[in-house]
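Chain identifiers are assigned alphabetically (A, B, ...) following the order of the sequence lines, protein sequences preceding nucleic acid strands; residue numbering begins at 1 within each chain.
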Amino acid sequence: MTPRVRFSPAPSGELHVGSARTALFNWLYARHTGGTFLVRIEDTDSSRTREEWVDAISDTLRWLGLDWDEAPWRQSGRVPEYLSAADALLASGHAYECYDTAEELTAMNAERAADKLPPGYDGRGRDLSAEERARLAAEGRPRTVRFRTPDDGRSTFTDEVRGEVSVEWSTISDFVIVRSDGSPLFFLANAVDDLAMGITHVIRGEDLIDTTHRVLAIRRALGGTEAPVYAHLPLILQADRAKLSKRHGSVAVEDFRERGILAEALLNYLSLLGWAPDDDREVMDRDEIVAAFTLDRVTPSAAIFDDKKLEWLNGEWIRRIPLDDLVERIRPLAAARFGDGIDTHLVACAVKLGQERATTLVALTNQMDFLFAESPFVIPEDVWEAVVSVDQPEAVLDAVVAHVETCAWDVDSIGTMRDAIKELGLKPGKVMKLLYAAIEGRAAGLPLFDALELLGRDVSLARLRAARLRLG
RNA sequence: GCCCCCAUCGUCUAGUGGCCGAGGACGCCGCCCUUUCAAGGCGGUAACGGGGAUUCGAACUCCCCUGGGGGCACCA
């Protein structure tokens, strides 16, 4: 049987990197095994669902290159299926109707907390007679459907990354599967759909381990025979070992995209959180990862998201993709920063200079500021302060101006300004930051001689002379 | 509070009883290269949480402790 896996996001926000990693591992598994990768939108909670998030998540998956094989499923369109499953559970005695009010449940849990009991349902509605139910309904009380969990014994399933996972049924109380407004809950919809879709492998976050017991129980009660293979992936945590949160910085895939992280790099990095190939490779493209990916090499322990390593990988990828491709990706960023009418040839030249040193697309774009700056050129105060402390700034600028006035206009000839600096008894490397500031407005940036060439003699001279003037 | 999962350098990891006086990568430090910053090259720093048990022999098996994380909703 060919594997069928699904990624099932809840459209209550942008795609989180943790979810993206889950999507990625499902996709990798499908592609590695020649199986089918499906997307199922879990939008049974209409109050948290927004259509724009459905589209945003799809866009993000496409950006990452995680393509799905069949039309996405929408749980909101399958409510009748879930409700008839609930009816079947009711009929078979696996579920029962309750008429507790929200206030009563809150009070019940307050009492349980006072008695040092875990939150949960005490089963008060379990064995109501038909007459009692009718009476409670007639009072206008809300009706929910609860799944009846076993009173004793253990629930056990085999997890591909953790082995046997087992829990005492007595610690899991009866849980709601149909809300009082008549809509189905996650547990029910999940069990019904995994069955209906013929899902063979459920690959998802470790935070869902405890719910697996419930979903599996519903599945069995519904007559599902063979259970899918489960693989619970380790959580991704932030540096303080807490769950990744907004406060920490980037958490949505789109945040990384806006920071100038390449899809290749993010995909590569995410694949390395909780998984490693059987050799020392780290920089891998999609195909390499697909070829090497197996569930038995997934790690069980939580991983901390390391932004530094991501940026390193991103730099690797910036250097790895073809220049033309890189230019294409920088173009929209440059247009947004400098205007649509900019000289695209100039952008391409700058990208070429920046490719071997950039860590993000954004940083690379920002380094091009000096090429599109308005005249007069402005050197920020703090940059200037940091740079005027070099030896003999006046002499350096005078010598460089003289050189630039007369030298041939190619990088090598421009570069002989080093000799002029040496003649002053200075090491070029020690005074360069002054020239970078004068020309690029920052103490370090794209290679100076190339920068001068791109800028042209007139603009270069104007900036150098302005800097000389500022020295007094 | 109860339940569940996890535990190798700061971080991501390799490691499935002897090949480990623990390997790779990021980071950090140093050196080289050098027009800045990077990139690149070379080298260095740094870990099997603690205690028992099994075994001729444990990072690898079992138990306890400790620590970390997750779950316990009419969210998913």
Side-chain angles (χ1 to χ4, degrees), chain A residues 8-12 19 42-45 47-48 75 98 100 102 105 109 112-113 115-121 142 144-146 159 162 165-168 170-173 175-181 183 185-187 189-190 204-213 232 234-235 237 239 241-243 269 272-283 297 299-313 315-316 319 354-359 363 367 387 414-415 417-418 421 427-437 440 442-451:
Chain A
S8 41
S12 54
S19 304
E42 304 217 327
D43 53 354
T44 51
D45 183 355
S47 70
R48 287 160 47 113
Q75 290 193 324
C98 292
D100 309 295
L105 293 176
N109 268 319
R112 290 175 67 91
D115 294 342
K116 303 230 182 242
L117 284 169
Y121 188 65
T144 59
V145 178
R146 274 181 196 271
D159 187 280
R162 282 150 224 281
V165 176
S166 167
V167 64
E168 196 82 44
S170 60
T171 65
I172 301 178
S173 62
F175 53 93
V176 175
I177 55 176
V178 178
R179 294 187 183 84
S180 55
D181 68 1
S183 63
L185 256 82
F186 164 73
F187 304 103
N190 199 274
R204 29 124 84 142
E206 183 188 351
D207 52 335
L208 262 13
I209 284 188
D210 292 318
T211 73
T212 298
H213 299 283
H232 286 95
L235 257 23
L237 309 174
R241 296 214 144 270
K243 250 179 160 174
Y269 180 69
L272 259 16
L273 284 183
W275 175 83
D278 61 5
D279 51 35
D280 283 339
R281 284 178 299 163
E282 298 221 283
V283 186
R297 294 196 62 81
T299 319
S301 48
I304 290 175
F305 195 97
D306 184 356
D307 227 69
K308 284 264 182 44
K309 187 153 184 176
L310 203 217
E311 294 215 335
W312 164 75
L313 251 186
E316 290 293 312
R319 253 149 260 136
Q355 182 169 26
E356 61 181 307
R357 71 195 72 242
T359 65
Q367 280 198 313
V387 123
I414 294 169
M417 73 167 63
R418 270 174 304 177
I421 294 169
K427 286 194 71 171
K430 295 285 184 194
V431 297
M432 262 318 153
K433 58 182 177 180
L434 172 64
L435 302 177
Y436 274 87
E440 302 191 30
R442 47 178 72 203
L446 296 177
L448 186 72
F449 308 145
D450 301 270

Can you find a donor-acceptor N/O pair under 3.5 angstrom joining the side chain of [X] to the base of [N]?
X: A:Arg162; N: B:C5; result: no
X: A:Ser180; N: B:C74; result: yes
X: A:Asp210; N: B:G70; result: yes

Heavy atoms under 4.0 Å, any strand shown: does [X] hit a base, just sugar-phosphate, or nothing?
X: A:Ser183; answer: nothing
X: A:Asp100; answer: base
X: A:Phe175; answer: nothing
X: A:Gly274; answer: sugar-phosphate
X: A:Ser12; answer: nothing
X: A:Leu435; answer: nothing
X: A:Glu282; answer: base
X: A:Glu316; answer: sugar-phosphate
X: A:Pro300; answer: sugar-phosphate
X: A:Ala444; answer: base

[atom1] atoms of [N] and [M], separation to the nearest Å:
N: B:G23; M: B:C9; atom1: C1'; value: 12 Å
N: B:C29; M: B:U66; atom1: P; value: 39 Å
N: B:U8; M: B:U13; atom1: C1'; value: 9 Å
N: B:C64; M: B:C3; atom1: P; value: 13 Å
N: B:G44; M: B:A25; atom1: C1'; value: 16 Å
N: B:G21; M: B:C28; atom1: P; value: 31 Å

Does any nucleotide pair with [N] by Watson-Crick or G-U wobble geometry, both distances under 3.5 Å, and what is it?
N: B:C72; answer: B:G1
N: B:C62; answer: B:G52
N: B:C9; answer: none

Determine: side-chain N/O of A:Arg179 to OP1/OP2 of B:A76, distance under 4.0 Å, yes or no.
->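 So the side-chain polar atoms of A:Arg179 do come within 4.0 Å of the phosphate oxygens OP1 or OP2 of B:A76, strictly under.
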
Given side chains that start at C-beta, do those of A:Leu185 and A:Thr44 come closer than 4.5 Å, heavy atoms only?
->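 No, too far: nothing below the 4.5 Å cut-off.
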
Find out whether A:Thr299 and A:Trp275 are in side-chain contact, i.e. whether some heavy atom of one side chain is under 4.5 Å from a heavy atom of the other.
-> no

Per A:Val165 side chain, nearest of listed nucleotides B:C4, B:C2, B:U36 =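 Ranking B:C4, B:C2, B:U36 by closest atom to the A:Val165 side chain puts B:C4 first.
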
Ignoring the backbone of A:Lys309, work out which of B:A14, B:A76, B:C26 is nearest its side chain.
->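 So the side chain of A:Lys309 is nearest to B:C26.
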
Is there ring stacking between A:Trp312 and B:C26, where the centres must be under 5.5 angstrom apart and the planes under 30 degrees?
-> no

Quick check, are the ring centers of A:Phe175 and A:Tyr121 under 6.0 angstrom apart?
-> no

Quick one: do A:Arg281 and A:Asp279 satisfy salt bridge (charged side-chain N to carboxylate O under 4.0 Å, His left out)? Show the steps, please.
-> CA-CA 6 Å; A:Arg281 284 178 299 163; A:Asp279 51 35; 3.0 Å; yes

